[in-house]
2 protein chains.
Amino acid sequence: MPRSSFREQMLRVREDAIVTAVNRLLAEKGFDLMTVDQVAAEVGIAKASLYKHFPSKEALAAAAMVRVMEQGLQVVDDQAARHDAGVLDRLQAVARWALQMQLAGQMPTLPSQNSSLRSELATHARYMDLLMEISDKLGAWIVEAQRDGHIDASLPAELVLYTLYARACDPVPAVLKSGGRFSDDEVVEWVLQTCFSGLSART
Amino acid sequence: MPRSSFREQMLRVREDAIVTAVNRLLAEKGFDLMTVDQVAAEVGIAKASLYKHFPSKEALAAAAMVRVMEQGLQVVDDQAARHDAGVLDRLQAVARWALQMQLAGQMPTLPSQNSSLRSELATHARYMDLLMEISDKLGAWIVEAQRDGHIDASLPAELVLYTLYARACDPVPAVLKSGGRFSDDEVVEWVLQTCFSGLSART
DNA sequence: GTCTATAGCCAGATAGAC
DNA sequence: GTCTATCTGGCTATAGAC
């Protein structure tokens with residue numbers, strides 16, 4: 001329908017701006033402290049207009065989570081296409097991306113205790129699909145890394161996966177950065193090093 | 001004043017019950033999702049009575065944090081009194097205590113983004129004193145462990161300290177436990193192992 | 001689909017009797 | 001110090017004009 005494509009494009013651009021604002025605010029303050037008024041103000045539209053695009057605050061957060069997970073899945077697939085790297089390098093590259101996003105203030109956090117948000121996300125098909133696809137792919141790499149002796153095979157693969165996921169909301173990088181004495185890159189590499197050598201097989 | 005001691009004792013018992021309820025609710029839902037009504041209901045008194053003991057919700061949380069840090073300081077001092085253990089064993093024992101408290105639902109969490117709470121805590125003398133005393137003592141052990149080659153000396157001591165503190169709010173143990181396939185002790189030891197071998201000196 | 005204005009709700013905090 | 005009842009403000013969400 002070329003007749004409606006311009007309007008649809010405008011719609012997508014507007015919704016993209018909304019999701020960008022939500023993403024930033026979620027990264028800065030988390031879901032509970034983010035208000036819909038702040039989102040509207042940051043986008044520069046009225047609050048009621050927001051609700052024409054998204055039916056609830058939870059839906060706003062879900063949209064931001066979906067977008068960041070699409071980006072994450074892209075990173076995973078990019079790593080899968082590398083033929084020069086082993087599974088450990090790929091896992092590290094994904095964790096590095098998450099840490100860099102977090103330090104750049106672009107990683108939305110899901111304060112794991114909010115029930116309304118969690119139940120909404122659990123019923124969000126696209127979100128759950130992305131979560132499972134990423135988990136499956138990372139899980140396969142983890143099992144392979146354990147088989148090859150790069151990751152301690154006595155650890156449950158779940159523990160390894162959750163430990164990697166937890167880097168996306170690790171408070172340590174932000175606190176270290178706030179001290180002002182280290183660069184982002186230093187912080188990222190230190191955290192990566194302590195994380196992965198903690199998971200590595202005993203020598 | 002022996003005349004007033006009975007009343008004062010009752011007061012302390014009542015306030016202790018309040019702090020216990022706050023502690024549990026903070027561990028369960030965090031500061032933002034905990035309501036003062038819930039605290040009052042759990043203690044079995046009216047909300048207005050709470051405000052006779054503590055002037056604000058933030059003060060309630062601060063009291064709970066002070067108590068848990070007094071317990072933590074006690075653990076640190078107990079470890080300092082052990083003559084059979086090296087610094088690494090002592091650091092591990094403290095981290096183990098924090099993880100066990102968390103899995104038992106008794107470790108209050110401070111969702112690091114709330115500004116009203118953080119500013120109140122920053123002006124809370126007893127809280128800051130405890131934080132500094134614990135940090136000083138753990139910091140000394142960390143430096144010693146680095147000098148002795150038990151912890152990677154190329155890592156900033158700050159990073160090591162924050163990494164240990166972060167175990168108290170690590171989401172990994174709770175998620176692993178919720179799967180139901182592992183015991184608390186297994187989870188604690190796995191997390192400790194990955195944490196400390198990540199910090200250990202390269203061999 | 002955008003806005004202004006407001007409904008409805010809930011949580012933190014307080015008044016005032018006892 | 002405890003209670004019941006209430007105030008106050010901020011938040012999500014919606015009504016209704018344009």
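Throughout, protein chains are lettered first and strands after them, A, B, ... in sequence-line order, and every chain is numbered starting at 1. Here the structure is a predicted model, which means the values were calculated and not measured.
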Rounding to an integer number of Å, can you tell me how far [X] [atom1] sits from [N] [atom2]?
X	N	atom1	atom2	result
A:Leu50	C:dT2	CG	P	9 Å
B:Asp32	C:dC10	CG	P	18 Å
B:Gln38	C:dA13	CD	P	15 Å
B:His53	C:dA13	NE2	P	16 Å
B:Leu33	C:dA11	CG	C1'	12 Å
B:Met34	C:dA13	CE	C1'	14 Å

Q.
Can you tell me how far apart NE2 (A:His150) and CG (A:Leu91) are? Round to the nearest 0.5 Å.
A. 11.0 Å

Q: Look up atom NZ in B:Lys29 and atom CE in B:Met34, then write down how far apart they are to the nearest 0.5 Å.
A: 10.0 Å

(Q) Does this structure show an ion pair linking A:Glu8 with A:Arg12, if we count only N-O contacts that are shorter than 4.0 Å? (A) no

(Q) Using a 6.0 Å cut-off, check whether atom CZ of A:Arg82 has over 12 heavy atoms from anything other than its own residue. (A) yes

(Q) Run the salt bridge (charged side-chain N to carboxylate O under 4.0 Å, His left out) test on B:Asp77 and B:Lys137 for me, step by step, so that the C-alpha distance in whole Å, both residues' side-chain angles and the decisive distance to 0.1 Å come before the verdict. (A) CA-CA 9 Å; B:Asp77 287 338; B:Lys137 290 181 175 177; 2.8 Å; yes

Q. Is there side-chain contact between B:Thr194 and A:Leu155, with at least one heavy-atom pair below 4.5 Å?
A. yes

Q: Check whether any side-chain nitrogen or oxygen of A:Ser49 sits under 4.0 Å from OP1 or OP2 of C:dC3, and answer yes or no.
A: yes

Q | Any residue meeting side-chain hydrogen bond (donor to acceptor under 3.5 Å, both in side chains) with A:Arg126, in chain and number order, not counting sequence neighbours | A | A:Glu70

Q: Validate the cation-pi geometry between B:Lys177 and B:Phe182: distance from NZ or CZ to the six-membered ring centre under 6.0 Å, angle to the ring axis within 45°.
A: no

**Q.** Those residues of residues 10-23 of chain B lying under 4.0 Å from DNA chain D by at least one heavy atom
**A.** B:Leu11, B:Arg14

Q) How would nucleotides 13-18 of chain D be written as a contact map, 5' to 3', with B for base contact, S for sugar-phosphate-only contact and - for no contact, using protein heavy atoms under 4.0 Å? A) BBB---

